[in-house]
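Take a look at the structure below.
In this text, all values refer to a predicted model and were calculated from it rather than measured experimentally. We name chains A, B, ... by the order of the sequence lines, and we start the count at 1 in each one.
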There are 2 protein chains.
Amino acid sequence: MNDLAKALGANIRAKRKESGISQDALALECGLDRSYMGRIERGEVNITIEKLYKIAAQLNCSAGTLLP
Amino acid sequence: MNDLAKALGANIRAKRKESGISQDALALECGLDRSYMGRIERGEVNITIEKLYKIAAQLNCSAGTLLP
DNA sequence: TATAACCACGGATTATAATCCGTATTTTTT
DNA sequence: AAAAAATACGGATTATAATCCGTGGTTATA
């Protein structure tokens, strides 16, 4: 999508790997679609603040730390 | 909308007042609609991270500092 | 007290975020 | 090497973010 989305996606992916879970598992916990989680990590989409907070909550970090 | 949007809107409003500009002026600088800027500050909408960054840039602060 | 600048609020439309499938490929495990 | 798990990727649809334009009310300024 753009540099912002790509950097954010990379941060989310890194944090997810740290916690040792799959994309599908994280998507399920966040209550969002598995294919969409893939697009987020690849930086193909421009997510809303609400989704950012849901993801941060499941990754046990603040929303701010996920931002580039 | 919800507590998150309201808190974010309040933060944006506070930062905007600090810089002493109007909603309309900020909206114009960010390249987004004036009525939408009002809804953001009132916490009526769920904005995307792209918009968050545009607003932060014009308010001379990081996107993270605008988050609740 | 006018006049103007600023903000709240709304309805209708357009753009796009997010979902719901599916399948092919890659990576990991046995 | 085979099986299983994880990821990439895509098309079609639905939900909603964002725009466009208008009006009424409230607060500063002349």
Side-chain angles (χ1 to χ4, degrees):
Chain A
M1 167 136 213
N2 52 30
D3 291 348
L4 171 58
K6 286 198 179 70
L8 174 60
N11 287 351
I12 291 172
R13 175 165 298 185
K15 270 282 180 185
R16 173 179 63 80
K17 297 228 167 182
E18 274 182 34
S19 63
I21 61 174
S22 68
Q23 273 183 8
D24 286 27
L26 178 57
L28 194 69
E29 288 171 359
C30 295
L32 50 87
D33 189 66
R34 68 177 166 77
S35 77
Y36 196 59
M37 182 63 72
R39 292 178 214 212
I40 291 173
E41 291 192 355
R42 273 174 265 132
E44 295 177 1
V45 291
N46 177 27
I47 69 173
T48 60
I49 301 292
E50 183 195 24
K51 304 298 177 197
L52 176 69
Y53 271 79
K54 281 189 181 175
I55 293 169
Q58 294 301 327
L59 292 177
N60 300 320
C61 66
S62 70
T65 60
L66 292 176
L67 296 180
Chain B
M1 169 130 211
N2 54 30
D3 291 348
L4 170 58
K6 285 200 180 69
L8 174 61
N11 288 351
I12 291 173
R13 174 164 298 186
K15 269 282 181 186
R16 174 178 63 80
K17 299 230 167 181
E18 275 182 33
S19 62
I21 61 173
S22 68
Q23 272 184 8
D24 286 26
L26 178 57
L28 194 68
E29 287 171 359
C30 295
L32 50 88
D33 189 65
R34 65 176 168 78
S35 76
Y36 195 59
M37 183 62 73
R39 291 177 215 212
I40 291 173
E41 290 191 357
R42 274 174 265 132
E44 294 177 2
V45 291
N46 177 27
I47 69 174
T48 60
I49 56 166
E50 184 196 23
K51 304 299 177 194
L52 176 70
Y53 271 78
K54 281 188 181 176
I55 294 170
Q58 293 303 326
L59 292 177
N60 299 321
C61 65
S62 70
T65 60
L66 292 176
L67 296 180

- Query: Where the side chain of B:Ser35 is concerned, which of D:dC20, C:dC21, D:dA17 is the nearest nucleotide?
  - Reply: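 Nucleotide nearest to B:Ser35's side chain: D:dC20.
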
Check the distance between [N]'s [atom2] and [X]'s [atom1] and give it to me in whole angstrom.
{"X": "A:Ile47", "N": "D:dA18", "atom1": "CD1", "atom2": "P", "value": "12 Å"}
{"X": "A:Glu41", "N": "D:dC9", "atom1": "CD", "atom2": "C1'", "value": "14 Å"}
{"X": "A:Leu8", "N": "C:dA17", "atom1": "CG", "atom2": "P", "value": "13 Å"}
{"X": "B:Ile49", "N": "C:dA17", "atom1": "CD1", "atom2": "C1'", "value": "12 Å"}
{"X": "A:Asn46", "N": "C:dA18", "atom1": "CG", "atom2": "C1'", "value": "12 Å"}
{"X": "B:Glu50", "N": "D:dA18", "atom1": "CD", "atom2": "C1'", "value": "11 Å"}
{"X": "B:Arg42", "N": "C:dA8", "atom1": "CZ", "atom2": "P", "value": "5 Å"}
{"X": "A:Met37", "N": "C:dC20", "atom1": "CE", "atom2": "P", "value": "14 Å"}

- Closest heavy-atom contact between B:Arg42 and B:Ser35?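 Looks like NH2-O, 4.4 Å.
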
- Where do A:Gln23 and A:Arg16 come nearest, in terms of heavy atoms and distance?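 Looks like N-NH1, 3.5 Å.
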
- Dot-bracket for DNA chain D: what is it, with Watson-Crick or G-U pairs under 3.5 Å, [ ] where a pair crosses earlier ones, and | for a pair to another strand? |||||||||||||||||||||||..|||||

Would you compute the distance between atom [atom1] of [X] and atom [atom2] of [Y] and round it to the nearest 0.5 angstrom?
{"X": "A:Ile12", "Y": "A:Leu66", "atom1": "CD1", "atom2": "CG", "value": "5.5 Å"}
{"X": "B:Glu18", "Y": "B:Asn60", "atom1": "CD", "atom2": "CG", "value": "10.5 Å"}
{"X": "B:Glu41", "Y": "B:Leu8", "atom1": "CD", "atom2": "CG", "value": "10.0 Å"}

Quick one: is [N] close enough that its OP1 or OP2 comes under 4.0 Å of any side-chain N or O from [X]?
{"X": "A:Thr48", "N": "D:dT16", "answer": "no"}
{"X": "B:Tyr36", "N": "D:dT19", "answer": "no"}
{"X": "A:Arg34", "N": "D:dT7", "answer": "no"}
{"X": "A:Arg13", "N": "D:dA8", "answer": "yes"}

- Message: If you assign B:Gly38 and A:Glu44 each to the DNA chain C nucleotide with the nearest heavy atom, which residue ends up on the more 5' nucleotide?
- Response: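 Checking each residue's closest nucleotide, the 5'-ward one belongs to B:Gly38.
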
- Task: Take B:Asp24 and B:Ser22 through the test side-chain hydrogen bond (donor to acceptor under 3.5 Å, both in side chains) and record every step on the way to the result.
- Result: CA-CA 5 Å; B:Asp24 286 26; B:Ser22 68; 5.3 Å; no

Any non-hydrogen side-chain atom of [X] less than 4.5 Å from a side-chain atom of [Y]?
{"X": "A:Leu52", "Y": "A:Leu67", "value": "yes"}
{"X": "A:Ile49", "Y": "B:Ile49", "value": "yes"}
{"X": "B:Ile21", "Y": "B:Glu29", "value": "yes"}
{"X": "B:Leu59", "Y": "B:Leu26", "value": "yes"}

- Message: What residues from residues 14-27 of chain A pass a heavy-atom cutoff of under 4.0 Å to DNA chain C?
- Response: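 Listed by number, there are none.
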
- Going by modelled atom types, is there a donor-acceptor pair between the base of D:dG11 and the side chain of A:Arg39 at under 3.5 Å?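 Counting by modelled atom types and ignoring angles, a donor-acceptor contact under 3.5 Å is found here.
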
- Query: Looking for any heavy atom pair under 4.0 Å, which part of the strands does A:Asp33 touch: base, sugar-phosphate only, or nothing?
  - Reply: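 Base, at least one base heavy atom under 4.0 Å.
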
